[in-house]
Amino acid sequence: AVGALSDSKDFVEDLLKGKTVDLSFQGIDHFKNEVGFVKLAENDHTAILTKIAETMKKIFQEKGILAGDERAFKPHLTFMKLSKSAQLRKQVKRIDSSLYEDFKSHYFGDEILHRLDLCSMLKKKQPNGYYYCESSIVFGEKHAAEPDDAELVSLSKRLVENAVLKAVQQYLEETQNKTRQTDGSPVKTKEAESGSKNESDNDNS
């Protein structure tokens with residue numbers, strides 16, 4: 001596989017002909033509610049990416065390595081996935097799409113293709129959470145500033161934290177509304193709000 005990746009570099013560079021592949025990411029989708037990912041926007045550059053994938057698949061197959069079987073090529077950026085732990089899977093069976101509802105059509109930015117990694121899905125992951133990388137090939141120069149691992153982890157955490165905070169806030173609001181309805185507390189009206197300043201201050205307190 002390492003040899004196949006190395007052999008593919010000349011073929012891929014020939015496809016690119018010195019051009020950069022600018023990939024644009026917008027919107028969110030999921031695989032069976034088990035994996036949440038950012039979608040790759042369709043444009044001329046995604047067509048080039050598909051050609052690269054097809055070329056590399058052919059090179060791998062020529063070396064006797066089955067690459068991807070007959071599954072469709074679906075490039076994406078994973079930001080959330082269910083654990084493989086059977087015990088945890090019993091507790092959380094699916095990812096609730098409401099967690100990322102606010103980002104369904106969000107534009108996440110562009111990324112210029114500059115490196116392809118051959119990763120192991122079986123070996124222990126790197127300390128930064130990325131898969132064990134067997135080999136890489138690099139194309140040209142990186143034009144866009146690349147966020148470091150800490151920044152990517154921080155962004156992922158913020159997305160999840162924001163979703164959790166929103167859910168907690170909604171729960172608290174619903175609980176408070178139910179409490180008001182059951183304890184017989186009067187509902188404030190515009191007429192009440194226009195009362196004396198002292199009463200208004202007490203209400204606010």
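For clarity, every value in this text was computed on a predicted model and none was experimentally measured.
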Open item on the list: Rounded at 0.5 Å granularity, tell me how far CG in L159 sits from NE2 in H106.
Closed with: 8.0 Å
Open item on the list: Could you measure the distance from the NE2 atom of H45 to the CD1 atom of I112? Nearest 0.5 Å is fine.
Closed with: 9.0 Å
TODO: Give a yes-or-no answer on whether the side chains of Y130 and D117 include a donor-acceptor pair shorter than 3.5 Å.
DONE: yes
Task: Minimum heavy-atom distance S24-N43, with the two atoms named - done: CB-ND2, 4.3 Å
- [ ] Examine L113 and L15 and state if one hydrophobic cluster contains both, with Ile, Leu, Val, Met, Phe, Trp and Tyr joined whenever side-chain heavy atoms are less than 4.5 Å apart.
- [x] yes
TODO: Spell out, as yes or no, whether a donor-acceptor pair under 3.5 Å connects the side chain of S120 to the backbone of K123.
DONE: yes
TODO: Mark yes or no for whether N162, through its side chain, and R158, through its backbone, hold a donor-acceptor pair below 3.5 Å.
DONE: yes
- [ ] Kindly compute the distance separating OG (S136) from CG (L118), expressed to the nearest 0.5 Å.
- [x] 8.0 Å
Open item on the list: Any non-hydrogen side-chain atom of L82 less than 4.5 Å from a side-chain atom of V92?
Closed with: yes
- [ ] Could you tell me which non-hydrogen atom of Q26 sits nearest to which non-hydrogen atom of S105, and how far apart they are?
- [x] NE2-O, 3.2 Å
Open item on the list: According to salt bridge (Lys or Arg N to Asp or Glu O under 4.0 Å), who are the partners of R94, at least two apart in sequence or on a separate chain?
Closed with: none
Open item on the list: Between T46 and E42 (side chain of the first, backbone of the second, donor and acceptor by atom type, cut-off under 3.5 Å), is there such a pair?
Closed with: no
TODO: May I have the step-by-step check of side-chain contact (heavy atoms from CB on, under 4.5 Å) for L16 and I52, ending in yes or no?
DONE: CA-CA 9 Å; L16 296 177; I52 290 173; 4.0 Å; yes
Open item on the list: Is there a path of hydrophobic side-chain contacts, each under 4.5 Å between heavy atoms, that joins F60 and V2?
Closed with: yes
Open item on the list: Can you tell me if F73 has over 12 outside heavy atoms packed within less than 6.0 Å of its CZ?
Closed with: yes
- [ ] Check whether any side-chain heavy atom of I48 lies under 4.5 Å from a side-chain heavy atom of D44, and answer yes or no.
- [x] no
- [ ] Indicate if V35 and F108 have the same hydrophobic cluster label, given that clusters are the connected sets of ILVMFWY residues with side-chain heavy-atom separations under 4.5 angstrom.
- [x] no
- [ ] Would you mind reporting whether Y132 and E134 have side-chain heavy atoms less than 4.5 Å apart?
- [x] yes
Open item on the list: Any non-hydrogen side-chain atom of M80 less than 4.5 Å from a side-chain atom of I95?
Closed with: yes
- [ ] Quick one: closest heavy-atom pair of Y100 and D96, and the distance?
- [x] CE2-O, 4.2 Å
TODO: Calculate, to the nearest 0.5 Å, the distance between atoms CZ and CD1 belonging to F25 and I28 respectively.
DONE: 13.0 Å
TODO: For side-chain contact (heavy atoms from CB on, under 4.5 Å), just list the numbers for M56 and L5, CA-CA rounded to whole Å, side-chain angles, deciding distance to a tenth of an Å, and then say yes or no.
DONE: CA-CA 7 Å; M56 296 189 74; L5 181 71; 3.4 Å; yes
Task: Backbone of S6 reached by a side-chain donor or acceptor of K9 within 3.5 Å - done: no
Open item on the list: Let's go through L116 and F139 carefully: what are the C-alpha distance in whole Å and the side-chain angles of both, what is the deciding distance for side-chain contact (heavy atoms from CB on, under 4.5 Å) to 0.1 Å, and is it a yes or a no?
Closed with: CA-CA 8 Å; L116 294 175; F139 308 102; 3.6 Å; yes
Open item on the list: Is any side-chain heavy atom of Q61 closer than 4.5 Å to one of K57?
Closed with: yes
Open item on the list: Grouping I, L, V, M, F, W and Y whenever their side-chain heavy atoms are under 4.5 Å apart, do L172 and V164 come out in a common cluster?
Closed with: yes
TODO: Check step by step if ring pair (Phe, Tyr, Trp, His ring centres under 6.0 Å) holds for H76 and F31.
DONE: CA-CA 11 Å; H76 59 278; F31 294 130; 5.0 Å; yes
Task: Shortest non-hydrogen contact from P75 toward L40 - done: CG-CD2, 3.6 Å
Open item on the list: Are F79 and V160 packed together at the side-chain level, in the sense that at least one heavy-atom pair is separated by less than 4.5 angstrom?
Closed with: no
- [ ] State whether the side chain of K81 and the backbone N or O of T78 hold a donor-acceptor pair below 3.5 Å, judged by distance alone.
- [x] no
- [ ] For atom OH of Y131, decide whether the heavy atoms of other residues, nucleotides or ligands shown that lie under 6.0 angstrom number more than 12.
- [x] no
Open item on the list: For R89, is there an ion pair with E34 - N to carboxylate O distance below 4.0 angstrom?
Closed with: yes
Task: T20-D22 side chain donor-acceptor pair, cut-off 3.5 Å - done: no
Task: Non-hydrogen side-chain atoms of S8 and I137 separated by less than 4.5 Å - done: yes
Open item on the list: Minimum heavy-atom separation for A4 and I59, please, with both atom names.
Closed with: O-CG2, 3.6 Å
Open item on the list: Just so I know, are the side chains of V38 and F103 near enough to count as touching, which here means a heavy-atom distance under 4.5 Å?
Closed with: no
Task: Gap separating the CD atom of Q176 from the CD atom of E173, nearest 0.5 angstrom - done: 7.5 Å
Task: Lys/Arg N to Asp/Glu carboxylate O, D102 vs K166, below 4.0 Å - done: yes
Task: side-chain contact (heavy atoms from CB on, under 4.5 Å) assessment of F37 paired with D29 - done: CA-CA 6 Å; F37 63 87; D29 205 349; 3.5 Å; yes
